[in-house]
Structure formats: C-alpha cells, structure tokens
There are 2 protein chains.
Amino acid sequence: MSQEEVILPLGDFADLDRGGPIPLYFQLAQKIESAIKDGRLAPGSRLENEIALGNRLSLSRPTVRRAIQELVDKGLLVRRRGVGTQVVHGQIHRKVELTSLHEDLSNGGKAPSTKVLEIKRSNADQKIAGHLNVKVGSPVLMIKRLRFADNVPVAILENWLPEDFVDLADENLASHGLYQLLKARGVSIKVAQQNIGARKSNTAESEMLNVEKGSALLTMERTAFDATGKAVEWGHHCYRPDLYSFEVTLVEK
Amino acid sequence: MSQEEVILPLGDFADLDRGGPIPLYFQLAQKIESAIKDGRLAPGSRLENEIALGNRLSLSRPTVRRAIQELVDKGLLVRRRGVGTQVVHGQIHRKVELTSLHEDLSNGGKAPSTKVLEIKRSNADQKIAGHLNVKVGSPVLMIKRLRFADNVPVAILENWLPEDFVDLADENLASHGLYQLLKARGVSIKVAQQNIGARKSNTAESEMLNVEKGSALLTMERTAFDATGKAVEWGHHCYRPDLYSFEVTLVEK
DNA sequence: GAGTGGTCTAGACCACGCA
DNA sequence: GCGTGGTCTAGACCACTCC
C-alpha cells in the first residue's frame with residue numbers, strides 16, 4: 001500500500017450556522033482544523049474532494065475551496081493538482097500570528113507583567129523619522145519597558161510612536177500590552193515587518209535581564225502599520241533566548 | 001485635506017496575456033506591485049475600487065479581488081470595508097518566502113559556497129525519529145556543512161534526511177543548496193516550521209565561523225514538509241548574527 | 001479516461017464607514 | 001444614503017496526475 005488511505009471527514013460537518021455573523025468558510029475551516037488536531041483526520045490522510053464536500057454540506061465550491069485554502073496557508077494541509085488534499089505529517093505547532101509579546105506570554109500560560117523604565121516625549125531624529133515615515137523633528141513618544149513572565153525578566157522593549165500617540169498614559173503600560181492600548185484607541189495593527197537577529201548583552205542589559213554580561217541575546221526590530229498603512233510603532237527589543245524564541249511557519253506559494 | 005488623495009492606477013494595466021499560462025490574477029498583482037515599487041502608486045494612496053478596476057480591464061470581480069488579496073497578504077496593501085484599499089506607507093522590504101540560505105545569499109548578491117564537513121548514514125535515534133516522523137532505527141542521512149558568503153563563513157548547517165534520501169551524493173552538496181538537490185529529485189518543499197533563537201558559540205563553532213569563543217549566534221531549527229505532507233528534512237543551523245538575520249512580514253487576518 | 005485541484009465568470013446580497 | 005470591501009452562489013473550462 002504505497003498510497004495513503006483515504007479517510008473522509010464524516011458526520012458532524014453538517015451543523016453550519018448559516019444566518020450568523022461567522023463566515024461559512026471560516027466555520028468549515030475551524031471544523032476541519034479541529035478534526036486534524038484531535039486526530040479524526042490523521043496525518044497523511046486525504047480529504048474528500050472539494051466538490052463532494054460542497055455537495056454534502058450544501059456549499060458552493062468556492063466556499064469550500066476558501067476554507068481549505070485557509071488551512072493550506074496555515075501549513076496544516078497540502079494540495080496537489082490531480083491528486084488531492086492531504087494532512088501534513090508531524091505535530092502541528094500553533095500558527096504564526098501577529099501578536100505582541102504580551103499576548104504570547106498570556107497564551108503560553110505565563111503571567112506577563114511590565115515595568116516601565118522610561119517614557120519620554122521628544123522629537124524624531126533622522127533614524128526614528130525614517131522608520132516611522134514622519135518628518136525629522138516631529139513629536140514622538142519613546143517607551144522603554146522591561147517585560148516579565150512569571151516575575152522573571154524576559155525582554156527589554158524600546159518603542160517609538162508617532163505624534164498621534166504622544167499622550168499615551170504610562171500607568172496603563174504597566175498592566176497592558178502596547179498593542180492592547182492602541183487597540184483601545186481604535187488603532188489595530190495590520191502589517192508588521194520584523195527583523196530577527198542576535199548579539200551580546202551589554203552591562204545594563206545583563207543586569208536588567210539577570211544574565212551574565214556578554215551572554216547571547218535574541219533581538220528583534222519591528223515596524224508596525226495600521227489599517228490605513230501608516231506606521232504606528234517602531235521598536236527594537238531584546239529577549240533572553242533561554243526564555244523566548246520565535247516560531248515561524250512558512251508556506252510555499 | 002485630512003483624506004489621502006485618490007490616485008488611480010492608470011493606463012498600462014490593459015496588456016494582459018489572456019491565453020498564456022500565467023494566471024490573470026497573478027499578472028494583475030505583479031503590475032500593481034511594480035506600480036507600488038516604482039512609485040506610480042504612492043504610499044497611502046487609494047486604489048481604484050474592485051469593480052471599476054474589473055470593468056476597466058474586463059476582468060470579473062473575484063479575479064481582481066484575488067490579485068489585490070495577494071498584495072494584502074504580502075503586506076503591500078491594506079483594505080478596509082467601506083473605505084477602500086490603500087498602499088502601505090514606508091519602504092517595502094522583500095516579501096517573506098520559503099527559501100534556503102543558499103538562495104538568500106544568491107539573491108542578496110553574495111556568492112554562496114559550501115564545504116561539506118561530514119556526511120553520514122546512520123539510524124534515527126528517538127529525537128531525529130520524532131522530528132522526521134519516522135520509526136526509531138530507520139535509516140537517515142546526516143549532513144553537516146559550512147556555508148560561506150563571498151568566502152566568509154556565515155553558518156553551520158546540520159541536517160537530517162529520511163530513508164528516501166540516504167543516497168544523496170555529497171559532491172553535489174558542495175555546489176548546490178540542499179533544497180535545489182531535493183527539487184532535482186522531484187521533491188519540492190511546501191511547508192516549513194522554524195524556530196529562531198540565540199545562544200553562545202562553543203569552541204568548535206567559534207573556530208569554524210571565525211568568531212570569538214562565547215560570542216552570540218543566531219540559531220534556527222527547522223522541519224520541512226513536501227507536497228505530500230511528509231517530513232523531508234530536519235535540521236538545526238547557526239548563523240553569524242553580524243552577517244545574517246531573518247526578515248519576517250506579518251499580516252493580521 | 002477519470003478524477004483532482006487551478007482558474008475564471010457574472011451575477012447576488014450583506015456589513016461597515018463615512019458624510 | 002452611498003460606496004466600499006466581505007461573502008456566497010452555480011456554473012464553466014483547463015491542467016495535471018494517475019491508472
């Protein structure tokens with residue numbers, strides 16, 4: 001048996017909420033995803049084809065396709081023309097998302113907390129102005145924070161925000177993530193460009209992160225853009241690599 | 001003028017190759033992308049709406065939507081219901097792709113070369129078997145390479161491949177990337193899960209990478225899957241952080 | 001040749017943001 | 001109220017893979 005056996009996702013895909021606010025393709029994608037995660041769809045098994053699945057659920061083919069495409073984009077499924085759709089082998093990691101460190105830690109079962117080290121209103125120098133796409137000299141807010149997970153220092157976060165946010169209240173920063181605060185002001189991050197690297201820690205960093213001087217740090221630089229495409233945040237962070245790493249899932253298009 | 005001006009992508013979008021093998025949505029996406037990159041579509045400017053664009057090019061709306069969605073996924077455009085589609089501010093980095101280090105260096109204008117340090121056929125221990133999703137004791141191939149860019153050592157690469165590839169010829173590895181060799185055998189990587197971290201270098205690594213002992217290294221662990229969802233490669237790499245870093249673009253869905 | 005996913009059309013209705 | 005993107009339908013033809 002060189003061919004993987006064909007397993008059909010049976011039964012309970014029929015209960016779709018057609019009137020509700022949740023898109024049908026999304027509901028279907030969730031159902032298939034949970035079937036994969038709890039083993040009802042085994043790694044390597046083939047899915048029912050798009051048309052049959054659509055007929056069975058009374059969905060049009062584009063809707064079924066879109067549901068499947070979501071999972072292909074997440075790296076859970078693989079499709080081949082003329083062959084079919086299969087579940088990817090190997091245990092599935094959590095998907096890549098645009099999250100802040102604050103959320104990452106919460107989701108990981110750690111209790112995040114934050115100490116605001118510095119918060120300063122100033123004017124953009126050339127570097128900051130370039131990253132935020134604002135004029136040199138325009139007002140910006142600099143925030144420097146130390147992030148803890150279960151009371152252990154994990155990361156030093158330095159962020160700059162443009163003019164619109166220079167009045168961000170520092171007391172909120174201690175209890176909420178930066179992205180949470182921005183969201184509360186109606187700003188949601190849509191796109192972020194990150195660059196991940198490494199370097200040695202200096203004296204100050206070593207003390208703050210409670211590591212030896214000269215130990216390796218994981219670093220990240222990021223520019224984040226809102227729904228209008230404007231840069232709303234630029235920052236560089238450094239992390240204790242024994243406590244934090246970046247997970248990425250890549251999908252060939 | 002609080003509102004960004006509306007700029008329409010003019011003229012030269014009309015020359016679509018309808019009979020050819022390149023999908024229409026892809027051709028349109030490329031045209032829009034190049035218009036963004038060379039400045040004909042300014043950052044922050046609004047695109048023509050989907051329907052008008054479709055009419056003008058004699059394309060159906062789903063086709064136009066798909067072209068735009070490609071660019072949204074790449075982080076070049078941002079869409080808002082009820083408002084429109086806008087170009088993201090800020091200079092555009094290259095998109096994230098599933099590439100090997102070999103290609104990365106080539107694309108970056110560096111000349112990649114490789115020294116094969118070790119190549120060994122053995123049997124999977126528990127760790128390797130787990131990563132590759134094969135039985136403990138099944139044949140695997142271990143490859144250890146040193147990768148140079150312009151004759152400067154950049155990375156140490158250690159990879160394990162399952163049974164099907166234990167006969168990979170080592171002479172090819174010196175001149176080609178691993179993914180190139182796999183592709184030549186009809187295996188294309190579709191999904192990869194990576195974990196990026198940092199740590200200090202040990203003595204052997206320091207000598208090979210020509211850095212001080214105990215300096216910071218950027219590390220990456222990866223499992224790669226082919227079109228059938230099978231794991232075809234697991235490896236851990238370490239990079240000189242002054243010569244290499246990871247770029248990632250994240251898009252909120 | 002049969003079966004699969006890949007692309008494309010031409011409509012429809014809805015939800016949201018804004019004036 | 002109007003214009004936008006978001007979702008959905010019901011078809012069609014094609015390209016590729018496998019037998």
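Letters A, B, ... are given to chains in the order of the sequence lines, protein chains preceding strands, and every chain is numbered from 1.
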Check whether any side-chain N or O of Q27(B) sits under 3.5 Å from a backbone N or O of I22(B) as a donor-acceptor pair, and report yes or no. yes
Any Lys/Arg nitrogen of D164(A) or R185(A) sitting under 4.0 Å from an Asp/Glu carboxylate oxygen of the other? no
Has E247(A) got a side-chain atom pairing as donor or acceptor with N195(B)'s backbone, closer than 3.5 angstrom? no
Any donor and acceptor pair, going by atom type alone, linking the side chain of H237(A) with main-chain N or O of L157(A) inside 3.5 Å? no
Per-nucleotide protein contact along nucleotides 5-11 of chain C, 5' to 3', at a 4.0 Å heavy-atom cut-off (B base, S sugar-phosphate only, - neither), is BBBSBB-
Any sub-3.5 Å donor-acceptor pair from N159(B)'s side-chain atoms to L161(B)'s backbone N or O? no
